[in-house]
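Taking it in order: structure first as C-alpha cells, then the write-up.
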Amino acid sequence: MRLVFMGTPDFAVMTLKALIDAGHDIACVYSQPPRPAGRGMAERPASVHACAASHGIEVRTPLSFRDPGEQARFADLDADAAVVVAYGLLLPKPVLDAPRRGCFNVHASLLPRWRGAAPIQRAIMEGDRETGISIMRMEEGLDTGPVCRRATIAITPVSTAQTLHDELAALGARLMVEALADPDLTCQPQPDQGVTYARKIGKAEARISFSRPALEVRNHIHGLSPFPGAWFELAGTRVKVLLCEVVEAGGRPGVFCDDRLTIACGSGAIRLIKLQREGKAAMTADDFLRGFPIAAGTEAR
C-alpha cells in the first residue's frame, strides 16, 4: 500500500519500521518540528523524523493543518491510508478523508478507557490490571473512532511506564501491520460505557504523598517512571523513585521504618528499589545507600 506515516516520539518508531519491513511504500512522513534538546539546546529532530531520514523518506513538519494549502499538499500524496502514532497534531476532516482507506491510529489503551494524551501512565497510576493496544479508524473526535483490532497486556507489580511503553510499542506495530494486510478489516464502534480520559501528566503530580495507601503510592511511582519521575525531598535533596515494592511494615507515613529504604505509607509501606538523586545517575538501593545512608526514623518530605 501507499502510506503516509504520522508520528513523533520513540513509541511510534517501531510501527514505522514494521511498515517499511512489510514492504509498504511510505510516500511521506509527518512529524513534529525539531526542538531544542540536550545541554547545548541545539535543535534535534524527533525520533520518527530521524528514523524516516535514515531510510531516505521525505519528512514534513508543519505546525498545524489549519492551512488549506497544507491540507492540499497532504491530499496530493495520493495515499491509500495514513497511519498515525502519537503524532501530536489534530487532523481536520479534509486530512482524515483524503486517504482512500482512511486514517488508522495506534492507541496505547483498551478504548474507550483512557482516551487522550497519557494512557500508559494513567493505566498504571489508577491500578488497572491490564491495558493494551487499540487500532482505531480515526474520526474528528478525540480517540472516538471505531476499533478495528485490539490486544491486551497485563500490568504487573513491576510494570513501569517505560516497560509498558516498550511492550505496547511492539504490540502496536504488529497489530497495525496485521490490520492493513486484512482485506476484510472491520471496525466496531466504541461503547458509550467505560469512557475515561488520560489527561496530560502535570509537574505538580510528581511529588509523592506517603499518606496514601502503599499500593497507591507504588502505582503512582511506577506510572511516572522514568519520566517525569515521582519524587520526595530528603535532607534538602530531591530524590526520584523509579522502582519500588509494597512490603508489610508500618509507622508514621513518610518515615523510614528501617535502614533498608522502607518508608511507611498511610497503610502498609513501600521499599525503594531504584532511585535517582538530583544531579546523579539512577542507581540501585544498595548503591544509593553506600553514598547516602539513611537511618530508621528519618523523614521523607
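Quick note: numbers below take in every heavy atom, side chains included, and nothing from hydrogens, waters or symmetry partners.
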Next on the checklist: Between Ser134 (side chain only) and Met136 (backbone N and O only), is there a donor and an acceptor less than 3.5 Å apart?
Outcome noted: no

Next on the checklist: Between Arg218 and Glu245 (salt bridge meaning N to carboxylate O under 4.0 Å), is one present in this structure?
Outcome noted: no

Item to check | Salt bridge present between Arg2 and Asp25 (N-O < 4.0 angstrom) | outcome: yes

Checklist entry - Donor-acceptor pair, His24 side chain versus Met1 backbone, under 3.5 Å? => result yes

Item to check | salt_bridge(Lys240, Glu278) N-O dist < 4.0 Å | outcome: no

Checklist entry - When the ring planes of Phe65 and Tyr30 are compared, do they come out parallel, tilted or perpendicular, using 30° and 60° as the limits? => result tilted

Checklist entry - Is it true that the side chains of Glu139 and Thr144 contain a donor and an acceptor less than 3.5 Å apart? => result yes

Item to check | Donor-acceptor contact present, side-chain Arg115 to main-chain Asp143, <3.5 Å | outcome: yes

Next on the checklist: Test side chain to side chain contact (heavy atoms under 4.5 Å, CB included) on Phe292 and Arg277; report intermediate values, then the result.
Outcome noted: CA-CA 10 Å; Phe292 203 88; Arg277 285 173 60 193; 3.4 Å; yes

Checklist entry - Are Arg60 and Glu58 close enough for a salt bridge, meaning some N to O gap below 4.0 Å? => result yes

Next on the checklist: Using side chain to side chain contact (heavy atoms under 4.5 Å, CB included), reason through Phe232 and Phe210 one step at a time and then give a plain yes or no.
Outcome noted: CA-CA 9 Å; Phe232 62 90; Phe210 292 106; 3.9 Å; yes

Checklist entry - Can you check salt bridge (charged side-chain N to carboxylate O under 4.0 Å, His left out) on Glu43 and Arg35, steps first, answer last? => result CA-CA 5 Å; Glu43 285 200 342; Arg35 300 261 160 76; over 6 Å; no

Item to check | Qualifying residue for side chain to side chain contact (heavy atoms under 4.5 Å, CB included) with Phe288, from Met283, Gln276, Lys280 | outcome: Met283

Checklist entry - Counting distance only, does the side-chain N/O of Gln190 pair as donor-acceptor with the main-chain N or O of Gly145 below 3.5 Å? => result yes

Checklist entry - Are any side-chain N or O atoms of Arg137 and backbone N or O atoms of Arg101, one a donor and one an acceptor, separated by less than 3.5 Å? => result yes

Item to check | Cationic N near anionic O, under 4.0 Å, Asp128 to Arg122 | outcome: no

Item to check | Ring center gap for Tyr87 and Phe5 short of 6.0 angstrom | outcome: no

Checklist entry - Is Pro34 close to His49 at the side-chain level, that is, under 4.5 Å between some pair of heavy atoms? => result yes

Checklist entry - Between Arg73 and Asp76, is there a side-chain N and carboxylate O pair less than 4.0 Å apart? => result no

Item to check | NZ/NE/NH1/NH2 to OD/OE distance under 4.0 Å, Glu248 and Arg271 | outcome: no

Next on the checklist: Can you tell whether the side chains of Arg100 and Asp80 come within less than 4.0 Å, N to carboxylate O?
Outcome noted: yes

Checklist entry - Which is it for Phe256 and Thr262 under the side chain to side chain contact (heavy atoms under 4.5 Å, CB included) test, yes or no, and what are the steps along the way? => result CA-CA 5 Å; Phe256 285 87; Thr262 303; over 6 Å; no

Next on the checklist: Do His107 and Pro119 have side chains that approach each other closer than 4.5 Å (heavy atoms only, starting at C-beta)?
Outcome noted: yes

Next on the checklist: Can you confirm if the NZ or CZ of Arg238 lies within 45° of the ring axis of Trp231 and under 6.0 Å from the centre of its six-membered ring?
Outcome noted: yes

Checklist entry - Do Thr8 side-chain atoms and Gln32 backbone N/O form a donor-acceptor pair below 3.5 Å? => result yes

Next on the checklist: Once rounded to the nearest 0.5 Å, what's the spacing between atom SG of Cys28 and atom CG of Leu3?
Outcome noted: 12.0 Å

Next on the checklist: Checking Asp67 against Gln71: is there a side-chain donor and acceptor pair closer than 3.5 Å?
Outcome noted: no

Checklist entry - For Val29 and Ile57, which heavy atoms make the closest approach, and how far apart are they? => result CG2-CG2, 3.9 Å

Next on the checklist: Could you check whether any side-chain N or O of Ser225 sits under 3.5 Å from a backbone N or O of Leu242, counting only pairs where one atom can act as donor and the other as acceptor?
Outcome noted: yes

Checklist entry - For Glu205 and Leu224, which heavy atoms make the closest approach, and how far apart are they? => result O-CD1, 3.9 Å

